[in-house]
Amino acid sequence: QVSLLESGGGLVLAGGSLRLSCAASGRTFSSWAMAWFRRAPGKEREFVAVISASGGITGYVDSVKGRFTISRDNAKNTVYLQMSSLKPEDTAVYYCAASRLYTRLASQYDYWGQGTQVTVSS
């Protein structure tokens, strides 16, 4: 069983930065691939970024490449999403999730956090 708790969301001006954190419970955090997804108002849930269990491999949706960076600290059971050059279209609820697989498919994720709101104003 893994419990995930996101933090770090908020209101930011376009062009600004935020860092989201996702703290995980459990002793097996380092065996899980971790990802961030988001859901904007009126839209489907969207994959944002994924990091392998060791942290050595990462992947991003094209719309955030070069602006967002996913990282993890296995000693702290925490995954991060550093977001820079934020745009109004990045406004969404951001969720972290855990999977045994390195994958972009939401259906493959076993555990989800409750989400944190990110609002980017123009």
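Glu6 places a side-chain heavy atom less than 4.5 Å from the side chain of Gln114. For the pair Thr103 and Tyr109, the minimum side-chain heavy-atom distance is below 4.5 Å. Side-chain contact between Tyr80 and Arg72 is absent, with no heavy atoms from C-beta onward closer than 4.5 Å.
Cluster annotation: Val120 is connected to Val48 through the hydrophobic network of ILVMFWY side chains, with a link wherever side-chain heavy atoms come within less than 4.5 Å. Side-chain heavy atoms closer than 4.5 Å link hydrophobic residues (I, L, V, M, F, W, Y) into clusters, and following such links, possibly through other members, connects Tyr102 to Leu4. Under the 4.5 Å side-chain heavy-atom criterion for Ile, Leu, Val, Met, Phe, Trp and Tyr, Leu81 and Val118 are members of the same hydrophobic cluster. Val61 and Val79 fall within a single hydrophobic cluster, where Ile, Leu, Val, Met, Phe, Trp and Tyr side chains are chained together by heavy-atom contacts under 4.5 Å. Both Ile57 and Val64 sit in one connected hydrophobic cluster of ILVMFWY residues. Membership requires side-chain heavy atoms under 4.5 Å apart, directly or through other members.
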_Could you go through Gln82 and Ser71, starting from their C-alpha distance and side-chain angles, then the distance that decides it, and tell me whether this counts as side-chain contact (heavy atoms from CB on, under 4.5 Å)?_
CA-CA 8 Å; Gln82 178 67 50; Ser71 62; over 6 Å; no
*Determine, stepwise, if the pair Tyr95 / Arg38 fulfils side-chain contact (heavy atoms from CB on, under 4.5 Å).*
CA-CA 6 Å; Tyr95 301 89; Arg38 65 187 179 187; 5.9 Å; no
*Going through the checks in order, is the side-chain contact (heavy atoms from CB on, under 4.5 Å) test met by Val50 and Tyr60?*
CA-CA 7 Å; Val50 59; Tyr60 300 89; over 6 Å; no
*Mind running side-chain contact (heavy atoms from CB on, under 4.5 Å) on Met34 and Phe29 for me, showing each step along the way?*
CA-CA 9 Å; Met34 299 296 296; Phe29 177 74; 3.9 Å; yes
*Verdict with reasoning, Arg100 to Ser31, per side-chain hydrogen bond (donor to acceptor under 3.5 Å, both in side chains)*: CA-CA 7 Å; Arg100 290 293 187 187; Ser31 66; 2.8 Å; yes
*Asp90/Lys87 under salt bridge (charged side-chain N to carboxylate O under 4.0 Å, His left out): CA gap, chis, key distance, verdict*: CA-CA 5 Å; Asp90 294 318; Lys87 304 175 181 180; over 6 Å; no
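Distance alone, capped at 3.5 Å, places no donor-acceptor pair between the Arg39 side chain and the Val93 backbone. Distance alone, capped at 3.5 Å, places no donor-acceptor pair between the Thr91 side chain and the Thr119 backbone.
For Phe47, the ring pair (Phe, Tyr, Trp, His ring centres under 6.0 Å) test picks out Phe37, with sequence neighbours left out. Remark: Ser3 engages Ser25 in a side chain to side chain contact (heavy atoms under 4.5 Å, CB included) (not counting sequence neighbours).
A cation-pi arrangement is absent between Arg19 and Trp36, since the terminal nitrogen or guanidinium carbon is not both under 6.0 Å from the aromatic centre and inside a 45° cone about the axis.
Between atom CG of residue Leu101 and atom OG of residue Ser107 there is a gap of 9.5 Å, rounded to the nearest 0.5 Å. Taking SG of Cys22 as the reference point, atom OH of Tyr94 lies at 14.5 Å (rounded to 0.5 Å). Note that the CZ atom of Arg67 and the OG atom of Ser17 stand 10.5 Å from one another [nearest 0.5 Å]. In this structure, Ile51 CD1 and Cys96 SG are separated by 12.5 Å, a value rounded to the nearest 0.5 Å.
Taking the ring centroids of Trp32 and Tyr111, they lie under the 6.0 Å cut-off.
Closest approach of Asn74 and Ser30 over heavy atoms only: ND2-CB, 3.6 Å. The two residues Ser121 and Leu13 come nearest to each other via the heavy atoms OG-CD2, 3.2 Å.
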